[in-house]
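Beneath this line is the structure, given in structure tokens, with notes to follow.
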There are 2 protein chains.
Amino acid sequence: MEAISIGLLGLGTVGTGVVKIIENHQDKIMHQVGCPVKVKKVLVKNVNKERDISITKEMLTTNAEDILNDPDIDVVIEVMGGVEETKDYLTKALQNKKHVVTANKDLMAIHGAKLLQQASQNGCDLFYEASVAGGIPILRGLVDGLASDRINKLMGIVNGTTNFILTKMSKQQRTYNEVLKEAQELGFAESDPTSDVEGLDAARKMTILATLGFSMNISLEDVKVQGISKVTEEDIRYGSQLGYTMKLIGVAQRDNEKVEVSVQPTFLIDSHPLAAVNDEFNAVYVFGEAVGETMFYGPGAGSMPTATAVVSDLVNVLKNMRLGVNGKSAVAPQYKKKLKEANEIFSKYFLRLQVKDEVGVFAEITSIFSQHGVSFEKILQLPVKEKGLAEIVLVTHHASLADYENILVELRDLETVQTVKSSYRVEGGIK
Amino acid sequence: MEAISIGLLGLGTVGTGVVKIIENHQDKIMHQVGCPVKVKKVLVKNVNKERDISITKEMLTTNAEDILNDPDIDVVIEVMGGVEETKDYLTKALQNKKHVVTANKDLMAIHGAKLLQQASQNGCDLFYEASVAGGIPILRGLVDGLASDRINKLMGIVNGTTNFILTKMSKQQRTYNEVLKEAQELGFAESDPTSDVEGLDAARKMTILATLGFSMNISLEDVKVQGISKVTEEDIRYGSQLGYTMKLIGVAQRDNEKVEVSVQPTFLIDSHPLAAVNDEFNAVYVFGEAVGETMFYGPGAGSMPTATAVVSDLVNVLKNMRLGVNGKSAVAPQYKKKLKEANEIFSKYFLRLQVKDEVGVFAEITSIFSQHGVSFEKILQLPVKEKGLAEIVLVTHHASLADYENILVELRDLETVQTVKSSYRVEGGIK
């Protein structure tokens, strides 16, 4: 029985994990696939580097063409990262009728739709489970769910760094800067944490999830993004008093065929299953019309979880090869994208204001809300810290984003409103 | 294009849901499968009953043979329940080369291995996702996970009734009997709740999960079962003081190729993701060697979630038919069953004792533990309620079940130990 040959682009921690899993699970993979699988060639930067892995020097190359143009290689696994050059490599691989497995969220968020189209045109598989929350089989879960249901809402905690930071801030009453520093020391945050803490990483994953879940070509620019760097420990404490937990939540929601996708720090009602997802863990909550609420929980990153997802995808490619049905599942988005306008996006909001401690101020503020038809679910009067100033927290009932933004403008114009201290979306009111 | 014909055994709420989903998602199913799908014949008890569904009277029959012997019918969907007669029907269906989808956990827990073997021998698919936690794609998740990982532990909250009862007891400090009554009124518990509250329903599901997860032929008799009817609100309160949440947990664990499967009321450390699974929801926590901790959460029952799972299975059967690869996934267990002995099952334990309030009692008790090499993680001295008596709660470090059971025997023999009030397994200490 002839072995199926794999080409590997990249041999960092994930690539090394992939090689180890293929080796350790050779029997099991063969049982499922019907023939042996071997890694034939690996693209690396430095062929002379010492590696703790059973790869001979002859298998290493610094020239991608050695893999992309090798007619023996059936499947290309991409774990090198990067966007533009990597896209060119994978395009070439697909043109040469090689199936592709990638763990690259940046690439899939930016060029995913195009690459899926190329895969489909070339009769090739393109699988990318590892690109979103490595250890959680969420993409397959969505595909399965879609078979007999309609997904109307996705909410995800899809960035481990920010979840680690918000968990520590919440449980230990510590400041953002303190916890960020600890996260950097522990290796949970990078020395330049911008992509994580400003929500860009989460936005890329939500792009991939929304594109698949709604079968629309959602692009990164469609995602409204706000990071966690301005979240204060005071906000978290006041939210907690009202029964909310602060999380960085990606939301993708569909109503009447129009969708919204956003990432922002959000107060979740404490009883929501996502509120209990702590530390560096990830979870994706899915609301299907028939099935109702489901949630997938697991490690969002880490080289072994990611490598496991890559090998699961590889096994699916190999099964499809055996069956001769590759290229059927790489479905390009089916529906035309329709994004909601601000007056079609509805949510509850948490708003914290510093106001002058005068008679009639409260009436003045609430009248602005009622002029826009927005009412309150909760009101909290906070202890006064500065003489002459009062702080209040308002939680609205559902309001359109358009109305809410107009209210904010009008509140800022009020002479009696000193500062809008913070404003967050609130999720999870309906059980 | 000729339609694929389905025979349906049973037309209760799940069966009706299946008919509706097939009708409403006809386009989507056709897109995936390549041909139309129609329900041809339905087995019912009464053909004259009024039904809110587009099924003509000619499609109904009271004779199962009309379905099992109809050469036009390719797939039999079983949603009628029952065990022995149903097994005979499905055996006949498989012998007649019909693929089977079932939602029947009782049947699969008792005759699953045999039926899977028959399916495999006849080149037929036998899918049963809906039999465990209807709304959660856990069986497919396990199969996927198994492709490139090794599952060492499963923990499940797999019974909605008991989870509803324990959640209300915990959150509202109410008694078991009070909450059971409410659950019965709300329709979450049956008028004879034995199968749920004594853990039998959960044991059936754990049998199915363990058989698949470990690929061993686990039978219902292998599962140690204890129900929740003796759990008191006091136990829950004392556990809560120590940082634990009470859940009915099914555990399936493998160490050194030997396994244990059990269902019992368990104290979970509050930070464990299963501790946040409330009300009638279900969840299955999976520990894979490479991937680490993952969890699948969703509705455990309900006619629409269950019907959705049935139709997902049906779509997989139909895809396999198109590819001509039926009967490959109905794998009979691969490994010989090896069960752990009591000295190989390790856990922490919560023990609540009523003792005489005398000097030296505590030393007497703890010396029994130390003679068996068992030490303590937590000790709680409870307020004395009766004169001359004290209550203490002990939480052990990991101990073998054999040692722990010996300790219990010796404690009961002590003159100073008035009563062993309660004893529970504790899970989730290691993060």
Side-chain angles (χ1 to χ4, degrees), chain A residues 17 20-22 24-25 28-29 31-32 129 134-137 140-141 144-150 271-273 275-279 281 283 285-286 288-299 302 304-305 307-316 319-320 322-325 328 334 431, chain B residues 17 20-22 24-25 28-29 31-32 129 134-137 140-141 144-150 271-273 275-279 281 283 285-286 288-299 302 304-305 307-316 319-320 322-325 328 334 431:
Chain A
K20 283 184 184 163
I21 293 175
I22 292 177
N24 296 342
H25 293 256
K28 205 191 278 183
I29 294 173
H31 177 82
Q32 293 177 79
E129 184 70 70
I136 314 177
R140 258 190 293 274
D144 272 349
L146 287 165
S148 56
D149 200 354
R150 182 186 155 85
S271 59
H272 195 282
V277 175
N278 288 320
D279 302 321
F281 278 89
Y285 165 97
V286 181
E289 218 164 73
V291 80
E293 302 172 66
T294 55
M295 189 177 83
F296 298 75
Y297 166 99
M304 285 314 279
T308 307
V310 167
V311 178
S312 285
D313 275 351
L314 172 66
V315 169
N316 278 321
K319 279 185 187 170
N320 287 349
R322 194 188 60 174
L323 304 175
V325 294
K328 308 277 187 219
Q334 284 185 274
K431 217 300 286 287
Chain B
K20 283 184 184 164
I21 293 175
I22 291 177
N24 296 342
H25 292 256
K28 206 191 278 181
I29 294 172
H31 177 83
Q32 293 176 79
E129 183 69 70
I136 312 177
R140 259 190 292 275
D144 273 349
L146 287 165
S148 55
D149 200 354
R150 183 186 155 85
S271 59
H272 195 282
V277 175
N278 288 320
D279 302 321
F281 279 89
Y285 166 98
V286 182
E289 216 163 73
V291 81
E293 301 173 67
T294 55
M295 189 177 83
F296 298 74
Y297 166 99
M304 284 314 278
T308 307
V310 167
V311 178
S312 286
D313 275 352
L314 172 66
V315 169
N316 279 321
K319 280 184 186 169
N320 287 349
R322 195 188 57 175
L323 303 175
V325 295
K328 308 276 186 219
Q334 283 186 276
K431 213 301 282 286

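Quick caveat: nothing in here was measured; it's all calculated off a predicted structure. Labels below follow one simple rule: chain letters A, B, ... track the order of the sequence lines, proteins then strands, and each chain is numbered from 1.
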| task | For residues B:Arg140 and A:Arg140, determine if any side-chain heavy atom of one lies less than 4.5 Å from a side-chain heavy atom of the other. | result | no

| field | A:Phe281 vs B:Glu293, side chain to side chain contact (heavy atoms under 4.5 Å, CB included): CA-CA, chis, key distance, verdict | value | CA-CA 9 Å; A:Phe281 278 89; B:Glu293 301 173 67; 3.5 Å; yes

| request: Determine the minimum heavy-atom distance between A:Pro299 and B:Thr294, stating which atoms define it. | output: CD-CG2, 4.0 Å

| said: Apply side chain to side chain contact (heavy atoms under 4.5 Å, CB included) to residues A:Met304 and B:Glu289 and explain how you reach the verdict. | reply: CA-CA 9 Å; A:Met304 285 314 279; B:Glu289 216 163 73; over 6 Å; no

| Roughly how far, to the nearest 0.5 Å, is CG of A:Asn278 from NE2 of B:His272? | 12.5 Å

| Taking atom OG of A:Ser312 and atom CG of B:Asp149, what is their separation to the nearest 0.5 Å? | 8.0 Å

| task | Heavy-atom distances under 4.5 Å only: say whether A:Val315 touches chain B with side chain, backbone, both or neither. | result | side chain

| request: Would you name the heavy atoms of A:Arg150 and B:His25 that are closest together and state the gap between them? | output: N-CE1, 4.4 Å

| request: Go through B:Phe296 and A:Phe296 one step at a time and tell me if the ring-ring contact (aromatic ring centres under 6.0 Å, His included) criterion holds. | output: CA-CA 5 Å; B:Phe296 298 74; A:Phe296 298 75; 5.8 Å; yes

| task | Quick one: which of B:Gly292, B:Pro273, B:Pro137 has the most heavy-atom pairs under 4.5 Å with chain A, could you say? | result | B:Pro273

